[in-house]
Protein chains: 2
Amino acid sequence: MQEGTGKWYGYCMVTNKKIILQTDPFDNNCPSRRALDLISDKWTSLIIYLLSDGPQRYTQLKRQIGGISQKMLTQTLRKLEEEGLVTRTVYPTAPPSVEYALTPLGETLLEPLVRLLEWAQTFGLQMRSPASEAV
Amino acid sequence: MQEGTGKWYGYCMVTNKKIILQTDPFDNNCPSRRALDLISDKWTSLIIYLLSDGPQRYTQLKRQIGGISQKMLTQTLRKLEEEGLVTRTVYPTAPPSVEYALTPLGETLLEPLVRLLEWAQTFGLQMRSPASEAV
DNA sequence: GCTTATAGTAACTATAAGAGAGTATCTATC
DNA sequence: GATAGATACTCTCTTATAGTTACTATAAGC
């Protein structure tokens with residue numbers, strides 16, 4: 001990687017090729033940094049995963065994601081909607097029913113996220129546990 | 001994905017195969033959730049990327065990551081060290097010199113992270129810009 | 001008429017992040 | 001010999017973000 005040039009490159013371990021990035025994730029105002037910040041969030045990736053199966057309703061999502069608050073679920077969904085990764089459809093039924101679904105753009109995020117989850121599953125167990133700190 | 005069973009599965013878009021996850025990222029206490037939380041952090045991925053080139057010193061990292069504070073850099077590096085993804089080597093030279101490097105475990109994280117950055121680069125530009133909100 | 005469900009909002013508190021000054025050690029400069 | 005500069009931090013204070021709890025509107029069901 002180059003320092004101070006604003007242009008970044010690195011090796012892609014998958015294709016074993018050097019990749020050139022036109023955008024600079026180390027710059028706060030770059031779209032790639034914004035995209036990275038969006039998914040560098042405690043809940044975003046989990047929501048995207050859940051929606052990979054098809055549209056889901058608010059309460060359905062809430063039940064599945066352990067520890068998420070209503071506020072954070074709403075906030076994260078609105079952010080994803082704003083960024084164009086998720087659609088929000090309101091059905092004006094008696095108790096209102098709202099369905100969230102991935103947009104085509106949102107679906108493109110699935111592949112890298114699944115890779116990350118595969119990593120978390122395979123290598124997460126090798127990480128030191130918080131218990132070892134407590135001793 | 002199944003609801004309420006604690007076991008999660010999904011499709012891997014890369015291999016086009018259904019993947020079974022022995023661990024449950026939707027559970028706060030699961031190692032996979034911990035691994036996910038670790039990288040769902042504003043600075044971790046950028047630091048890991050920078051270290052993919054080889055060991056780097058504290059100030060070198062700071063210079064390259066736009067907008068990171070000393071506190072957050074120290075904090076994130078310590079966390080990565082604790083989790084076993086990064087090593088910290090102190091050389092007792094005149095002004096002390098500290099070198100940070102990826103562990104083999106840290107290197108396994110490079111591949112999924114590069115995928116994510118590739119996504120951020122390719123699709124990040126399609127996301128709605130914050131400017132459109134300001135109108 | 002009371003309870004339950006949905007999809008939230010509002011107000012408040014707790015935690016985390018960011019800004020900026022300060023620290024120890026040695027080198028180099030004036 | 002005093003002063004400044006570099007490295008790799010830490011400490012304190014302020015601000016921002018996340019989390020908690022209570023509350024709302026509407027209709028169905030008992």
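Side chains included, hydrogens not; waters and symmetry mates left out as well; all remaining heavy atoms used. Being a predicted model, the structure only gives us computed values, none of them experimental. Proteins come first, then strands; the chains are lettered A, B, ... in the order of their sequence lines, and each starts at number 1.
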Counting any heavy atom closer than 4.0 Å, what does B/Tyr100 reach on the DNA or RNA strands: base, sugar-phosphate only, or nothing?
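Sugar-phosphate, backbone atoms only, no base.
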Pairwise side chain to side chain donor-acceptor pair (under 3.5 Å) hits with a residue in residues 67-77 of chain A, at least two apart:
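Matches after skipping sequence neighbours: A/Tyr58-A/Thr74.
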Under 3.5 Å, is there a donor-acceptor pair between the side chain of A/Lys62 and the main chain of A/Ile68?
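Yes, because the side chain of A/Lys62 sits within donor-acceptor range (under 3.5 Å) of the backbone of A/Ile68.
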How many whole angstroms separate atom [atom1] of [X] from atom [atom2] of [N]?
X	N	atom1	atom2	answer
A/Ile65	D/dG19	CD1	P	12 Å
A/Glu99	C/dT6	CD	P	14 Å
A/Gln56	C/dT6	CD	P	13 Å
B/Leu61	D/dC9	CG	P	11 Å
A/Gln60	C/dT6	CD	C1'	12 Å

Residues in side chain to side chain donor-acceptor pair (under 3.5 Å) contact with [X], at least two apart in sequence or another chain:
X	answer
A/Arg88	A/Tyr100
A/Thr108	B/Trp119
B/Thr44	B/Asp41

Would you give a per-nucleotide map of nucleotides 15-27 of chain C, 5' to 3', where B means the base has a protein non-hydrogen atom under 4.0 Å away, S means only the sugar-phosphate does, and - means neither?
--BBB-B----SS
Closest to the B/Arg78 side chain: D/dA8, D/dT10, C/dA7?
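Looking only at heavy atoms from C-beta outward on B/Arg78, the closest nucleotide is D/dT10.
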For B/Pro55, side chain to side chain contact (heavy atoms under 4.5 Å, CB included) partners two or more places apart
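So B/Pro55 forms a side chain to side chain contact (heavy atoms under 4.5 Å, CB included) with B/Glu99, B/Ala101.
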